[in-house]
Amino acid sequence: MFKPRVLSGVQPTGNLHLGNYLGAIRNWVPFQQTHECVYMLADLHAITVPQDPIKLRQSVRETAAALIACGINPNTSVIFPQSAVSAHAELAWVLSCLTPLGWLNRMTQFKDKAGKNKDNAGLGLYSYPVLMAADILTYHATHVPVGEDQKQHLELARDIAGAFNRAYGTEFFPLPEPMIMGEATRVMSLRDGKKKMSKSDESDYSRINLTDDADAIAQKFKKAKTDTIEGISWDAENRPEIANLITIYAALSDIKKEEVVQQFAGAQTSAFKSALTDLAVAKLSPITAKMRVLLEDVDSLDGILKNGAERANELAQPILKNAYNLVGFWRS
Ligand code: TYM
């Protein structure tokens, strides 16, 4: 009944890292062969925590360049800044009126980000998953490729779509399917195998950025935390850091984790790290180089974003209008 359409997004808040790449963006690329794809720079989401306006604007460009360098084709996929399409915020209001607080209270990411002092957290940080639901539903997206950490938000998006459909006695919104794919759905910090690799980690040594050069990648893997157990073996519970490196190796080389373990079973950690460095440099350096070239031509990038925003508006506005009509709003 619904046309297959993929939507996903990334926050333009600093450099993308290996987690974003392996958990999400890399999986966006093949959908371009089979689906209509809409990929968004989520700047509305970014301001749920303080952002410098000049850096935010530039970061949208840099993130767009990263997506293109990773293989997203702006001629076929729609790439745009979320803030350039008002339907997201407009639909979010309607959906927020249908979302019980109890559903939001369960969101673990809010609990993690707000920390102990919840009273000081912004309302936007709390209602962020409702905006995410609006991002997806305003395109009638059917498939949403994301990393493991977004799973709970996507389950909520399905619940919210169902709540709208029930409230207005329709089947207007599809229930979007989360697509959590590949060997590395949750890449962990290089400093702590129990923490997710994240842009907001204070230590740059905790992550591999898509802008890192070969030296930086080598240094980071060399310093990556490991353990004192001999050889390379899979033990996610007791060897989380080694498990993370095995996962990264498997994802980068498109093989199964078991094959990586077999290949390096007798190797010393330092030899494994060195092979991983070579692999990461080989895979990431073409992306970094392409990003650099794209960022030299800011006018072209801005043109891509402007064109993407126009196409996104064309897709979103009729759906928003129909949703408004169902609600009883005025919009012609
Ligand atoms: P963001 O910007 O935190 O991350 C972008 C994508 O990268 C994935 N990811 C990871 N995957 C594996 N390992 C990691 N360590 C890791 N860190 C991040 C995320 O799961 C995500 O897929 N709220 C979203 C952006 C967003 C969105 C949407 C996504 C806004 N609206 C609608 C899908 C649909 C976010 O903050 O992603």
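Both counts, for ligands and for their atoms, begin at 1 and track the order of listing.
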Is ligand 1 less than 4.0 angstrom away from at least one heavy atom of [X]?
| X | value |
| --- | --- |
| Met188 | no |
| His153 | no |
| Gln82 | no |

Short N or O distance, [X] and ligand 1, threshold 3.5 Å exclusive:
| X | answer |
| --- | --- |
| Glu148 | no |
| Ser8 | no |
| Ala42 | no |

Against heavy atoms of [X], which atoms of ligand 1 measure under 4.0 Å?
| X | value |
| --- | --- |
| Gly23 | 11 (N), 12 (C) |
| Met40 | 28 (C), 30 (C), 31 (N) |
| Val144 | 33 (C), 34 (C) |
| Leu7 | 32 (C), 34 (C) |
| His17 | 17 (N) |
| Lys199 | 2 (O) |
| Lys196 | 15 (N) |

Nearest protein heavy atom with distance in Å, relative to atom 19 (C) of ligand 1: Asp149 OD1, 3.3 Å
message: Which residue and atom name correspond to the protein heavy atom nearest atom 10 (C) of ligand 1, and how close is it?
response: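 Its nearest protein heavy-atom neighbour is Gly19 O, 3.4 Å.
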query: Given Leu44, Asn20, Thr48, which has its nearest heavy atom closest to atom 4 (O) of ligand 1?
result: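 Selected option, by shortest heavy-atom distance: Asn20.
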Best match, Gly147, Pro145, Ser198: closest heavy atom to atom 22 (O) of ligand 1: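 Among Gly147, Pro145, Ser198, the closest heavy atom to atom 22 (O) of ligand 1 comes from Gly147.
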Charged N to carboxylate O under 4.0 angstrom, [X] versus [Y]?
| X | Y | value |
| --- | --- | --- |
| Arg331 | Glu90 | yes |
| Arg186 | Asp149 | no |
| Arg166 | Asp159 | no |
| Lys220 | Asp204 | yes |

Report yes if the distance between the aromatic ring centroids of [X] and [Y] is under 6.0 Å, otherwise no.
| X | Y | answer |
| --- | --- | --- |
| Tyr139 | His88 | yes |
| Phe80 | Tyr39 | no |
| Tyr168 | Phe172 | no |
| Tyr249 | Phe264 | yes |

message: At under 4.0 Å between heavy atoms, is it the side chain or the backbone of Val146 that contacts ligand 1, or both, or neither?
response: both
task: Using a 4.0 Å heavy-atom cut-off, say whether Arg186 meets ligand 1 through its side chain, its backbone, both or neither.
output: backbone
message: Under the rule for ring pair (Phe, Tyr, Trp, His ring centres under 6.0 Å), what residues qualify as partners of His45, not counting sequence neighbours?
response: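 By the ring pair (Phe, Tyr, Trp, His ring centres under 6.0 Å) rule, His45 matches Tyr128.
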- request: Return the set of residues passing ring pair (Phe, Tyr, Trp, His ring centres under 6.0 Å) with Tyr21 (not counting sequence neighbours), or none when no residue passes.
  value: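 For Tyr21, no residue satisfies ring pair (Phe, Tyr, Trp, His ring centres under 6.0 Å) once neighbours in sequence are set aside.
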field: Donor-acceptor side-chain pairing of Glu177 and Thr142 below 3.5 angstrom
entry: no
message: If we ignore hydrogens and angles and just use 3.5 Å, is the side chain of Ser59 paired with the main-chain N or O of Leu56 as donor and acceptor?
response: no
